[in-house]
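So the structure is just underneath, and the comments pick up after that.
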Amino acid sequence: MEALQHFFPDQSFDLGLISVNETKSEFTGDYTVVLFPFVKMLRQKPDELGNTLGVWLTEQHPELFTAFQVVSGFLNLTVNDRFFLDMLSRNWNNQCYGTAAASGKKVMIEYSSPNTNKPLHFGHLRNNFLGYAVGNILKVNGDTVVKANLVNDRGIHICKSMVAWQHFAQGATPESSGIKGDHLVGDYYVRFNDEYKAQVKELMASGMSEELAEKEAPIMKEAQQMLRAWEAGDEAVVSLWKQMNAWVYAGFDITYKNLGIDFDKFYYESNTYLLGKAIVEKGLEKGVLFRKEDNSVWIDLTADGLDQKLLLRGDGTSVYMTQDLGTAVLKYNDFGLDRSVYVIADEQNYHMQVLQLILKKLGEPCADGIFHLSYGMVELPSGRMKSREGTVVDADDMIEEMISMAEQQTKENGKADGFSGEEQKQLYRMIGLGALKFYLLRVDPKKKMIFNPQESIDLHGFTATFIQYAHARICSVLRKEQLPVMPAADVFAGKSIGEGLFEAEKHILKMLEQYPVAVETAAKEMSPSVLCNYCFSLAQAFNTFYDRHSIAKAESEEKKQMRLMTVVMIARTLRHAMSMLGIELPEKM
RNA sequence: GGUCCGGUAGCUCAGUUGGAUAGAGCAUCAGCCUUCUAAGCUGAGGGUCAUUGGUUCGAAUCCAAUCCGGAUCACCA
């Protein structure tokens, strides 16, 4: 690209017209320049231009290009092997290859954000993996990243669990029942709903309308009463609330740890739910917001193609949006953020659009940095998961199931023979969790996805296992062969290398050279799937090479050393990329 | 009804700012282990890129309309 710019010293035309692509495999060459864009400008036939350009490039930059071919409007350039070998000698042992220089930008990524009335389910997994991975990707790409979790720890949902616990638990605790805290609390949430349904049914049987029965069910009134007591600071209620939330957090900690996920900062809605009112007051003064007759406060977004939105109830209490306004400003003030990323399902697209627009209208500086990383819902083959219908797949169960599937398949293949018990356990974890993470991250976030249990445990093809296996094969070779011991200069002085890389070798080096670009793209698009695809292709390229050429019995000592450097760099790159996704690679499998 | 998102092989998905004969994996079929790990490799079949029109040297990609699927438009969070 840079070489090309010198060919056109005349800056009168747009250099953006130059487009360079990788050459398709059916043609000879490595990179292709598309000639059509220049034709008009230079009034030359494409093929003539291609020849002139090709001759010029190979003469001026023999260190870069060794040959060219012009095929109907496309200039295919063959890159000098030396270029790739230089890249290899510079980077094969570079721990930081792919890590970008600090950008000076501060980014917060909020994800997970669970409710504290029930355990995490399968739908949360996509959120958790996505947030964790994107946070890492941004970090590697140079940003300073704060991983945040906004815990939804208050509200009617938790009161429901509390009421049911009071009625039915007879003082059961996680310790006394042996049930994980989040599951225990979740059980009483389910119990509440059962009881509520029964009461509604009963009231309707005695002649009440459904609508009225839903309002009058005693257990629901009790929960609402409890919420009011909580907001009034009632000691007994607050103390029960603290206790049950503590159980849930202990449970979440275990789940997060099992998932390999962490956070730098926790926000709790019980601390933030009152924020935002001051912002609303300011908005009223500025005249951006208006008050209706019943004293409720609204913003009119109809001019922007949206609706009117409530920001404060008539009685002065906040709604969801009010809290979110407050939290957005709080985050910004806490860290001085350049960007604030929200990992939230696409059902909240409208909410997030409105949130950003309101902040903008209020003149809040945090508005511009807000980005909604929206992802599609995870559905089962039978349709959408519904907690009320019991079709929810529990996250803890899912993890365990994946690990035991991994164990079963590993044993069937006899792959863990000679492993110690502890090594086996670790391996099953790596494979099971890796498969799950990869399965959820390999698809573009904004597409909704169907979780197919059978497919997710498949360990062939486009999976984490495939990549882990390639890594293990490399480690196996490196255990037997001496790491490159010759100085790079000596290795590459050998004529046997300079005279021609095999296609499979060159393909790998070309891919490795492109790794930093892949990281940059993944960061720019906030898409871990870019890395999934990259790693799969690299592993595939390695497998092809491995099948075709021997490392141990290479054609010359220099070539052997060069191949060892190459596979070291492949393994390092795979680890670097996969660790951003939270996937570990075993040395043996 | 308004807004937003999606529609690519039987299935699940890639496809950079428009570029050559649209690519992977799964599934199906045919080959490859006395030699560095066969959870692998090689090959075959499989397509009206939802439909129609437009923009141009050139469209899966950009524009318009239509069809199908989903989300959302709460004094729930």
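So you know, we letter chains A, B, ... as the sequences are listed, proteins then strands, and number each from 1. As the structure is a computational prediction, the values presented were derived from the model and not from experiment.
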Spacing of A:Met352 atom CE relative to B:rA77 atom P, expressed in whole Å
16 Å
Taking atom P of B:rC57 as reference, at what distance in whole Å does atom CG of A:Leu49 sit?
17 Å
Rounding to an integer number of angstrom, what distance separates B:rA74 and B:rU52 when you compare their C1' atoms?
39 Å
Is it true that the NZ or CZ of A:Lys588 lies under 6.0 Å from the centre of A:Phe419's six-membered ring and within 45 degrees of the ring axis?
yes
Comparing A:Met449 and A:Thr521 on RNA chain B - which has the more 5′ nearest nucleotide
A:Met449
What's A:Ser537 touching, base or sugar-phosphate or nothing? Going by heavy atoms closer than 4.0 Å.
nothing
Give the C-alpha distance, both sets of side-chain angles, the deciding distance and a yes or no for side chain to side chain donor-acceptor pair (under 3.5 Å) between A:Tyr268 and A:Asn149.
CA-CA 8 Å; A:Tyr268 295 91; A:Asn149 191 348; over 6 Å; no
Quick note, A:Val443 side chain, CB onward, closest among B:rU37, B:rA14, B:rA77 is B:rA14
Are A:His351 and A:Asp324 close enough that a side-chain donor and a side-chain acceptor fall under 3.5 Å?
yes
Please give the distance between the P atoms of B:rC62 and B:rG2 as a whole number of Å.
23 Å
Whole angstrom value for the distance that separates P of B:rG69 from CG of A:Asp346:
18 Å
When the C1' atoms of B:rA9 and B:rU48 are considered, how many whole Å apart are they?
13 Å
What does A:Thr544 touch in the nucleic acid at a heavy-atom separation under 4.0 angstrom: a base, only the sugar-phosphate, or nothing?
sugar-phosphate
Strictly below 4.0 Å: does A:Arg313 bring a side-chain N or O up to OP1 or OP2 of B:rC76?
yes
Check: A:Asn245/A:Asp153 side-chain N/O donor and acceptor closer than 3.5 Å:
no
How would you label the contact of A:Glu481 with the nucleic acid (heavy atoms, under 4.0 Å): base, sugar-phosphate, or nothing?
nothing
Treating primed atoms plus P, OP1 and OP2 as sugar-phosphate and everything else as base, which nucleotides of nucleotides 19-26 of chain B get B, S or - for protein heavy atoms under 4.0 Å?
BB---SSS
B:rU37, B:rA14, B:rA77: which one has an atom nearest the side-chain heavy atoms of A:Asn533?
B:rA14
As a quick check of understanding, evaluate side chain to side chain donor-acceptor pair (under 3.5 Å) for A:Asn127 and A:Tyr375, giving each step before the final call.
CA-CA 8 Å; A:Asn127 181 304; A:Tyr375 63 91; 3.1 Å; yes
B:rC41 and B:rC33: how far apart are their C1' atoms, nearest whole angstrom?
11 Å
Does A:Tyr546 lie flat on the base of B:rC36, that is, centres under 5.5 Å apart and planes under 30° off?
yes
Do A:Asp30 and A:Thr78 get their side chains close enough for a donor-acceptor pair, meaning under 3.5 Å?
no
Picking from B:rC4, B:rU37, B:rG6, which would you name as closest to the side chain of A:Ala472?
B:rU37
Nearest-Å distance, CD1 (A:Ile358) to C1' (B:rC73)?
14 Å
Which part of the nucleic acid does A:Tyr469 contact within heavy-atom distance under 4.0 Å: base, sugar-phosphate only, or nothing?
base
Remember a base hit wins even if backbone is also touched, and classify A:Asp444 as base, sugar-phosphate or nothing at under 4.0 Å, heavy atoms.
sugar-phosphate
Would you indicate what A:Tyr320 reaches in the nucleic acid, counting non-hydrogen atoms under 4.0 angstrom: base, sugar-phosphate, or nothing?
base
Candidate nucleotides B:rC5, B:rC73, B:rG69, ranked by approach to the side chain of A:Tyr350 - the nearest
B:rC73
Nearest to the A:Asp294 side chain among B:rC75, B:rA77, B:rC36, which nucleotide is it?
B:rC75
Is the NZ or CZ atom of A:Arg473 positioned over A:Phe542's six-membered ring, under 6.0 angstrom from the centre and within 45° of the axis?
no
B:rU34 versus B:rU16 - spacing of their P atoms, nearest Å:
44 Å
For A:Lys588 and B:rU37, give me the distance from atom NZ to atom P, rounded to whole Å.
12 Å
Nucleotide B:rC4, atom C1' - distance to CD of A:Gln348 in whole Å
14 Å
Euclidean distance for P, B:rA60 against B:rU55 (whole angstrom)
16 Å
Quick one: stems for RNA chain B, with Watson-Crick or G-U pairs under 3.5 Å, at least three in a row?
B:1-7 with B:67-73, B:10-13 with B:23-26, B:28-32 with B:40-44, B:50-54 with B:62-66
Rounded distance in Å between the P positions of B:rU61 and B:rA50:
8 Å
Mapping A:Ala552 and A:Asp307 onto RNA chain B by nearest heavy atom, which one lands closer to the 5' end?
A:Ala552
Have A:Gln348 and A:Tyr320 got a donor and an acceptor in their side chains that come within less than 3.5 Å?
yes
Remember a base hit wins even if backbone is also touched, and classify A:His549 as base, sugar-phosphate or nothing at under 4.0 Å, heavy atoms.
base
Atom C1', compared across B:rG19 and B:rU51: separation rounded to whole Å:
25 Å
Do the side-chain N or O atoms of A:Lys447 get closer than 4.0 angstrom to the phosphate oxygens (OP1, OP2) of B:rA14?
yes
Looking at the angle O4'-C1'-N9-C4 for a purine or O4'-C1'-N1-C2 for a pyrimidine, is B:rC67 syn or anti, with syn meaning within 90° of 0?
anti
Point-to-point distance, once rounded to the nearest 0.5 Å, from CH2 of A:Trp92 to CD of A:Gln561
8.5 Å
Compare every heavy atom of A:Gly434 with every heavy atom of A:Gln468, then report the nearest pair and how far apart it is.
NE2-CA, 4.4 Å
Contact under 4.0 Å: A:Lys480 side-chain N or O vs B:rU37 OP1/OP2
yes
Go through the steps to decide whether A:Ser374 and A:Tyr342 satisfy the test side chain to side chain contact (heavy atoms under 4.5 Å, CB included), and finish with yes or no.
CA-CA 8 Å; A:Ser374 166; A:Tyr342 292 72; over 6 Å; no
CG of A:Leu325 versus P of B:rA77: gap in Å, rounded?
14 Å
In whole angstroms, the gap separating P of B:rG6 from CD of A:Glu347 amounts to 17 Å
Value rounded to 0.5 Å, distance of OG1 in A:Thr302 from NZ in A:Lys309
14.0 Å
Taking atom types as modelled and ignoring hydrogens, do the side chains of A:Asn152 and A:Tyr273 form a donor-acceptor contact shorter than 3.5 angstrom?
no
Side chain of A:Val477 only, heavy atoms from C-beta on: which candidate in B:rC36, B:rC75, B:rU35 is closest?
B:rC36
